[in-house]
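Per chain, numbering begins at 1; letters A, B, ... match sequence-line order. Keep in mind that the numbers below use all heavy atoms, side chains included, and drop hydrogens, waters and symmetry copies.
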There are 2 protein chains.
Amino acid sequence: MTSTEHQEHGRADAPLAGVRPTRQRLAVAAALEAFDDFRSAQEIHELLAQRGEKVGLATVYRTLQRLTESHDVDMLRTEDGEAIYRRCSDTHHHHLVCRECGATVEVEGPAVERWTSSIAAEHGYADISHTLEIFGTCTACTAG
Amino acid sequence: MTSTEHQEHGRADAPLAGVRPTRQRLAVAAALEAFDDFRSAQEIHELLAQRGEKVGLATVYRTLQRLTESHDVDMLRTEDGEAIYRRCSDTHHHHLVCRECGATVEVEGPAVERWTSSIAAEHGYADISHTLEIFGTCTACTAG
DNA sequence: GTCCGGTTGAGAACCGTTGTCAAATCCCCC
DNA sequence: GGGGGATTTGACAACGGTTCTCAACCGGAC
Ligand SMILES: [Zn+2]
Ligand SMILES: [Zn+2]
Ligand SMILES: [Zn+2]
Ligand SMILES: [Zn+2]
């Protein structure tokens, strides 16, 4: 558990809380702010390189992993299994994603949340998580 | 395009339609019938080996790929990106999957289907598809 | 300054998956 | 029954995303 580490350092509610805000970690966080779409770790690494920020690929992966675990970024998988990341709002939500351009809309569905947990309870499954993503073609891509 | 191949052979509605029902392909199909849970390609390959059916791993992958494309099996990805396969019912449904043992329950949620299409329409997205999977730990795995 | 644990990064390792291509197999027609 | 040509197979290599390794590198505490 990460919760056993000493938490006196850093604010408990900010991204990168409880860890050293190193140049590399701040750079990854900044890159995520720069994007509005889901991006792969390698794309983020590439953007950092273009910006002149030298950050090792392993560090990008480690940082994204940490941010995902702390729910500061959303991670989902493309059709072919690649992990992609996006800085999202704090509340639980899902995504409406354009399969052409990647434009993303956050969506909430309290009824769906209730439905999934009732289904799980009904069958005795514990420690539930769920994935729900909607893919389509946005207006811009339909027009273009 | 696979649609350019001659399709006169085989029934158009059966699994493996339009391709030679070779020993290997039949063995993979049989293995899928034997399982009631989602299984990875490598697990299926291993089962075939245990049964004495010698089928190359590449052939297992190729066959599963073909069956997935023809919608004769469902393919989804575990939380760490691995593809898993299952022979399912024909109607549209989603899954409640044990992340330990793969035990699967098919679930239907008409309300969810309606919700996803209304969300999509609301934002002007067209040509909609969606993924919805629920992961948890089944009673057997919780007990064990 | 020294200490010391957290952090980094280059590269290797890992692992699921796909590509390669010669050999085997099947199907059709003679 | 015996070619012949397309399909299929499988051992193995290659690939791509991700994680591991571990020596070097910080950066606060004292
Ligand atoms: Zn999100
Ligand atoms: Zn949800
Ligand atoms: Zn299914
Ligand atoms: Zn559905």
Check the distance between [N]'s [atom2] and [X]'s [atom1] and give it to me in whole angstrom.
{"X": "B:Leu26", "N": "D:dT9", "atom1": "CG", "atom2": "C1'", "result": "14 Å"}
{"X": "A:Gln24", "N": "D:dC25", "atom1": "CD", "atom2": "P", "result": "14 Å"}
{"X": "B:Lys54", "N": "C:dA24", "atom1": "NZ", "atom2": "P", "result": "16 Å"}
{"X": "A:Glu53", "N": "C:dG9", "atom1": "CD", "atom2": "P", "result": "10 Å"}

If only side-chain N and O atoms count, and only distance matters, is there a donor-acceptor pair under 3.5 Å linking [Y] with [X]?
{"X": "A:Arg66", "Y": "A:Thr63", "answer": "no"}
{"X": "A:Thr131", "Y": "B:Arg77", "answer": "no"}
{"X": "A:Thr91", "Y": "A:Glu106", "answer": "no"}
{"X": "B:His93", "Y": "B:Glu108", "answer": "no"}

Think [X] has a side-chain N or O under 4.0 angstrom from the OP1 or OP2 of [N]?
{"X": "A:Thr59", "N": "C:dG9", "answer": "yes"}
{"X": "B:Arg23", "N": "D:dG10", "answer": "yes"}
{"X": "A:Arg25", "N": "C:dT7", "answer": "yes"}
{"X": "B:Thr22", "N": "C:dC26", "answer": "no"}

Review point. Should the ring pair B:His94 and B:His130 be called parallel, tilted or perpendicular, given that the plane angle runs from 0 to 90° and is split at 30 and 60?
Key: tilted
Exercise for review: List the protein contact pattern of nucleotides 11-24 of chain D with one symbol per nucleotide (5' to 3'): B for base contact, S for sugar-phosphate-only contact, - for none; contact means a heavy-atom distance under 4.0 Å.
Suggested key: B-----SBBBB---
Practice item. Can you sort out the partners of A:Thr139 under side-chain contact (heavy atoms from CB on, under 4.5 Å), two or more places apart, ordered by chain and number? Key: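 If we apply the side-chain contact (heavy atoms from CB on, under 4.5 Å) test to A:Thr139, skipping adjacent residues, there are no hits.
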